[in-house]
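Notes for the one structure printed next.
Note on naming: letters A, B, ... go to the chains in the order of the sequence lines (proteins, then strands), and numbering restarts at 1 for each one.
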2 protein chains.
Amino acid sequence: MQKQETLTKNQKIILDLIEKSDQPLKAYSILFDVKKKGINAPLQVYRALNKLVKIGKIHKIESRNAFIACKNSKCQIAKATVFSICESCEDVTEIHDHTLSEHLRDFKDNKGMKYNKYNLEFFGLCKKCI
Amino acid sequence: MQKQETLTKNQKIILDLIEKSDQPLKAYSILFDVKKKGINAPLQVYRALNKLVKIGKIHKIESRNAFIACKNSKCQIAKATVFSICESCEDVTEIHDHTLSEHLRDFKDNKGMKYNKYNLEFFGLCKKCI
DNA sequence: TAACGCTGTGTAATAATATAACATATTTAA
DNA sequence: TTAAATATGTTATATTATTACACAGCGTTA
């Protein structure tokens, strides 16, 4: 069993908000939404986001500067993420594909680099937007 | 044979600079360097960068907001990029691995999404930094 | 228990990254 | 040779993210 992290007040407020959304949220839109809960400054948001990313509760969609909740209970550490992104409607989905994950996990380059993490983003058009 | 793009003055200046660096450059560091060549505003840099990304001459390292020249002559379109990033020294290398590329190219999710592009970033420690 | 390290908070200021809007010029293609 | 498309130059501004500082809470440990 993995140790269950105890979240602080700010971290909980922000995680709640992100978990309620099925799409990625941007830091300043989060800030706007949590102002009524007493979180007033960007840094308070970024600090919580960084922590939540670190413990794997959320992931950052790098190409969009946005944050999405991790739906995969096994994903306790944010070390291996795959997303699909629709370039038309911007819908983002986390992908869990065993075969793909294995290939990525097992990948070795020829430079002797030691990987501990990867992030993969697929871009295209979703069913609705094709 | 792929059509050879004709680059404009600004695009050439900026591509030259990026190609001379073996590491990713950031937009504002590029701006600083090209001021002596008459490029004065961020937008001039971003416009050239966007074009160069589009035609596959450079790639954006999303997690670093930085731009690196594409060393792969086949890579005429920026549609499939794989990088390794050292989290200690920030060294970035473009990876060309045939097997990996095939897996990524052939990947199908179960949502019927049509992909035209992906970006994969591996993070870890390079040989020197281990 | 007192001192310390660690993590988190709150606030203000500012840095770094990126785009909007507008007027004009140049190139491409019908 | 004109229209469409692409690029330029400039100013202003929007968006994303961090630095710096003062302090609070908590567990360890000496």
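- Proximity of Tyr28(B) to Val45(B): side-chain heavy atoms (C-beta onward) are nowhere separated by under 4.5 Å.
- Residues meeting the side chain to side chain donor-acceptor pair (under 3.5 Å) test with Asp33(A), sequence neighbours left out: none.
- Rounding to whole angstrom units, CD1 of residue Ile14(B) and C1' of dA18(C) are separated by 14 Å.
- Straight-line distance from the CZ atom of Arg47(B) to the P atom of dA25(C): 15 Å, rounded to whole Å.
- Dashed line: the shortest gap from a side-chain N or O of Lys9(B) to OP1 or OP2 of dA25(C) is not under 4.0 Å.
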Which pairs would a plain distance check flag for residues 119-130 of chain B, meaning a side-chain donor or acceptor within less than 3.5 Å of a matching protein atom at least two apart in sequence or in another chain?
unit_1	atom_1	unit_2	atom_2	d
Asn119(B)	OD1	Thr81(B)	OG1	2.7
Asn119(B)	ND2	Glu121(B)	OE2	3.1
Glu121(B)	OE1	Ser63(B)	N	3.3
Glu121(B)	OE1	Ser63(B)	OG	2.6
Glu121(B)	OE2	Glu62(B)	N	2.9

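- Atom CZ of Arg64(B) and atom P of dA17(D) are 13 Å apart (whole Å).
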Please produce a list of atom pairs where a protein N or O lies less than 3.5 Å from an N or O of nucleotides 24-27 of chain D.
none

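- If you take NZ of Lys12(B) and P of dT6(D), they are 18 Å apart, rounded to a whole angstrom.
- Listed by residue number, the members of residues 26-35 of chain A with any heavy atom below 4.0 angstrom from DNA chain D are Lys26(A), Tyr28(A).
- The shortest distance between side-chain heavy atoms of Ser101(B) and Tyr118(B) falls below 4.5 Å.
- The ring pair (Phe, Tyr, Trp, His ring centres under 6.0 Å) test applied to Phe83(B) returns His59(B), not counting sequence neighbours.
- Side chain of Lys71(A) to backbone of Thr93(A): no donor-acceptor contact under 3.5 angstrom is found.
- When the C1' atoms of four end pairs are superposed on the next four at each end of the helix from dT1(C)-dA30(D) to dA30(C)-dT1(D), using five pairs per end, the two resulting axes differ in direction by 40°, to 10°.
- Between Gln11(B) and Asn65(B), the one whose closest nucleotide on DNA chain D sits nearer the 5' end is Gln11(B).
- Arg105(A) pairs by the side chain to side chain donor-acceptor pair (under 3.5 Å) definition with nothing, not counting sequence neighbours.
- To the nearest 0.5 angstrom, Lys37(B) atom NZ is 12.0 Å from Lys12(B) atom NZ.
- We find that CD1 of Ile13(A) is positioned 9 Å from P of dG10(C), with the value rounded to whole Å.
- Computed from coordinates, the Asn50(A) CG to dT7(C) C1' distance equals 14 Å when rounded to whole Å.
- When the side chain to side chain contact (heavy atoms under 4.5 Å, CB included) test is applied to Asp97(B), the partners found at least two apart in sequence or on another chain are Phe107(A), Ile95(B), Thr99(B), Leu100(B).
- For the contact set between residues 36-46 of chain A and DNA chain C, defined by any heavy atom under 4.0 Å, the members are Asn40(A), Ala41(A), Leu43(A), Gln44(A).
- Atom C1' of nucleotide dT16(D) and atom CG of Leu25(A) are separated by 15 Å, given to the nearest angstrom.
- When side chains are defined from C-beta on, Gln23(A) counts as touching Asp91(A), because their heavy atoms get closer than 4.5 Å.
- Listed by chain and residue number, Gln11(A) satisfy the side chain to side chain donor-acceptor pair (under 3.5 Å) test with Thr8(A) (two or more places apart in sequence, or in another chain).
- Contact annotation: Thr8(B) side-chain N/O to dT26(C) OP1/OP2 distance is not under 4.0 Å.
- Taking the salt bridge (charged side-chain N to carboxylate O under 4.0 Å, His left out) definition, one finds that Glu87(A) meets it with Lys117(B), sequence neighbours left out.
- The side chain to side chain donor-acceptor pair (under 3.5 Å) check on Glu19(A) picks up nothing, with sequence neighbours excluded.
- Taking atom CG of residue Asn10(A) and atom P of nucleotide dT7(C), one finds them 17 Å apart after rounding to whole Å.
- A side-chain contact (heavy atoms from CB on, under 4.5 Å) with Val34(A) holds for exactly one of Asp16(A), Ile14(A), Asn10(A), Asn40(A); it is Ile14(A).
- OP1 or OP2 of dG8(C) lies within a sub-4.0 Å distance of a side-chain N or O belonging to Lys51(A).
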